[in-house]
Protein chains: 2
Amino acid sequence: MSKPPARIRLADAAFALFDERGYEQTTIDDIAERAGVGRTTFFRHFRSKEAVIFPDHDRLLELIRDRLATSSHRTALVAVSDAVRLVLMHYIEEGDLARRRYALTSRVSALRDREIASVARYQRLFREFIAEWMGDPTEAASLRAEIMAAAVVAAHNHVLRRWLRGESADPVAEVDEAMSEVLSLFPAPAGEDTGRGGTTVVAFRTGQDLDTLLPALRRLVEGGAEASAGTAGRRPGAS
Amino acid sequence: MSKPPARIRLADAAFALFDERGYEQTTIDDIAERAGVGRTTFFRHFRSKEAVIFPDHDRLLELIRDRLATSSHRTALVAVSDAVRLVLMHYIEEGDLARRRYALTSRVSALRDREIASVARYQRLFREFIAEWMGDPTEAASLRAEIMAAAVVAAHNHVLRRWLRGESADPVAEVDEAMSEVLSLFPAPAGEDTGRGGTTVVAFRTGQDLDTLLPALRRLVEGGAEASAGTAGRRPGAS
DNA sequence: GGTGCAACGGTACTCAGTACCAGCAGGCTG
DNA sequence: CAGCCTGCTGGTACTGAGTACCGTTGCACC
């Protein structure tokens, strides 16, 4: 009966004590004592009290960075929505541990804040990747990259939280659905993923009927990418 | 020459010292001493060391809650994109103070994390408002609310940061633009803000030309909201 | 003057996190 | 075997944030 390594014992002890007495009511001394190690050893394995319950976000962040760097997707958004699956997978592999952590972060605001800060780092990575990928330094492109990254992360979090609450039996399928929902929000620029000669229809609402606006539609299609992109940002329904 | 109230003196002293020595290198004792008050008084005015430099998010959150509760906009997203302006306005009114805070949060990760956590609270409020407003408890609606809230906040933050960096002369106009960009991503359900009899065109990409898909388009338009909503999530370009 | 009250200062405490030092087991070399 | 290096460990002492409590001061109002 050889004892498991100190790191494992500390994590187990921490989770157990947090469950028993709550997070704030548990001191590092308590954790170290139950794990049968000295206080110093705790800080040798974990940077802080909060770090005990969180996964290694830095490593995961690096994993994602690599995945993005070597990705060969058609658009930045597809690459990112693919990479975000890594995060979901990581949590799923943790299984019950992830759920216990969720129960804690739901109750303790300090932990919730920390979780949110971690998520923000993923979002930032995505934003930078998208912006770089687009290679378009304009303001509009930068804003678009920001919104895209936020949408991907929000969709991921939504699915993840559903799974953590036990509301989802198949989170992988759900995240696929959620990602295509996000992708559908951001139609790819014309002539990019489809070959030339296709048709791009831009979404809008209008009080006119289809026949009335058909000529304008034809003009847009024939005008190519620039013309259709030019109207994408406006909202004809409001005029 | 009557001294300004202790709260102001403390905040001034804190900002000055943070600039001089850096955030971590400044202790509460330092701040209290420079402000000419006792250490106890510091904690009587601010809950923590971080709280000195942050605005009163709780109050602002309440302001926004009220604004949302009394808003009479056509869609939840419009109401939210309107309410988020309050946040921007608040920062703008702070003027130079907001910029000094930004310089600090950019350097000190603990402060950045705290800022992010605050922003997440706004986002959560927006998400809950949108979800409630939609009154649609389905999974798809819930996901949509989450993404909408994230997009609004991302767009706001983008404009705000530009202004904080001195890259924007007219942030109010910019946030208006950014919000209509967000609104254009989420077309309103049919028959809601436009009267009946209008036409809804759903965005998609296809390899076919306009004439080929025109019949299908007519069927969609005549089929009404359900039919068009049914195709909104798919991506014909991928099939 | 007395009373209530709000803000203040001081002391003492807990606890997270850091720095430093000393011990100890195992492997490797001479 | 002795010497030595290395990785892991425990202990002690310190700094600094945050809390609890208590006594004091200043001020308005009666």
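No experiment lies behind these values; they were computed from the predicted model shown. A note on names: the letters A, B, ... follow the listed sequences, proteins ahead of strands, and every chain is numbered from 1.
The CD atom of B/Gln25 sits 14 Å away from the C1' atom of C/dT18 (whole-angstrom rounding). Between A/Phe18 atom CZ and C/dA16 atom C1' there is a gap of 12 Å when expressed in whole angstrom units. Rounded to an integer number of Å, the gap from B/Arg44 CZ to C/dC5 C1' is 14 Å. One interatomic measurement links the two molecules: CD1 of A/Ile28 to C1' of C/dC15, which rounds to 9 Å at whole-angstrom precision. Atom NE2 in B/His45 sits roughly 8 Å away from atom P in C/dA7 (whole-Å rounding). Remark: C1' of C/dT14 and CG of A/Asp30 are 12 Å apart, rounded to the nearest angstrom. Taking atom CZ on A/Phe43 and atom P on C/dA19, their separation rounds to 12 Å, with Å as the unit. Here the C1' atom of nucleotide C/dG17 and the CZ atom of A/Phe42 are 11 Å apart, to the nearest Å.
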Next item on the list: Determine, step by step, whether B/His57 and B/Tyr122 satisfy the ring pair (Phe, Tyr, Trp, His ring centres under 6.0 Å) criterion, reporting the C-alpha distance in whole Å, the side-chain angles of both residues, the deciding distance to 0.1 Å, and the verdict.
Entry: CA-CA 9 Å; B/His57 280 299; B/Tyr122 294 102; 5.6 Å; yes

Item checked: Evaluation steps, side-chain hydrogen bond (donor to acceptor under 3.5 Å, both in side chains), between B/Thr105 and B/Glu115 -> CA-CA 8 Å; B/Thr105 52; B/Glu115 174 88 47; 4.8 Å; no

Check: What do the steps show when you test B/Asp82 against B/Arg67 for salt bridge (Lys or Arg N to Asp or Glu O under 4.0 Å), and what is the final call?
Finding: CA-CA 9 Å; B/Asp82 175 67; B/Arg67 176 83 149 233; 3.2 Å; yes

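Residue B/Thr40 is classed as a base contact, given a heavy-atom separation below 4.0 Å to a base.
The list of side chain to side chain donor-acceptor pair (under 3.5 Å) pairs with a residue in residues 31-40 of chain A, not counting sequence neighbours, reads A/Glu20-A/Arg34.
Listed for the A/Arg99 side chain is a donor-acceptor partner under 3.5 Å among the backbone atoms of A/Trp163. Put simply, the side chain of B/Arg21 never gets that close to the backbone of B/Thr26: no donor and acceptor are under 3.5 Å apart. Of the possible donor and acceptor atoms, one in the side chain of A/Arg112 sits under 3.5 Å from a partner among the backbone N and O of A/Ser106.
Computed from C1' positions of five pairs at each end, the angle between the two local axes of the helix from C/dG1-D/dC30 to C/dG30-D/dC1 equals 20°, rounded to 10 degrees.
In this view, B/Arg101 and B/Glu94 satisfy the side chain to side chain donor-acceptor pair (under 3.5 Å) rule, not counting sequence neighbours. By the salt bridge (Lys or Arg N to Asp or Glu O under 4.0 Å) test, B/Glu177 is found to be paired with no residue, residues two or more places apart in sequence or in another chain being considered.
Taking 4.5 Å as the limit, some side-chain heavy atom of B/Phe43 sits within range of a side-chain heavy atom of B/Ile28.
Contact footprint of chain B on DNA chain D: nucleotides with an atom under 4.0 Å from a non-hydrogen protein atom, first to last in 5' to 3' order, D/dG16 to D/dT19.
Under a cutoff of 6.0 Å and an axis angle of 45°, B/Lys49 and B/Tyr23 form a cation-pi pair.
Of the residues in residues 5-17 of chain B, those placing a heavy atom less than 4.0 Å from an atom of DNA chain C are B/Ala6, in numerical order.
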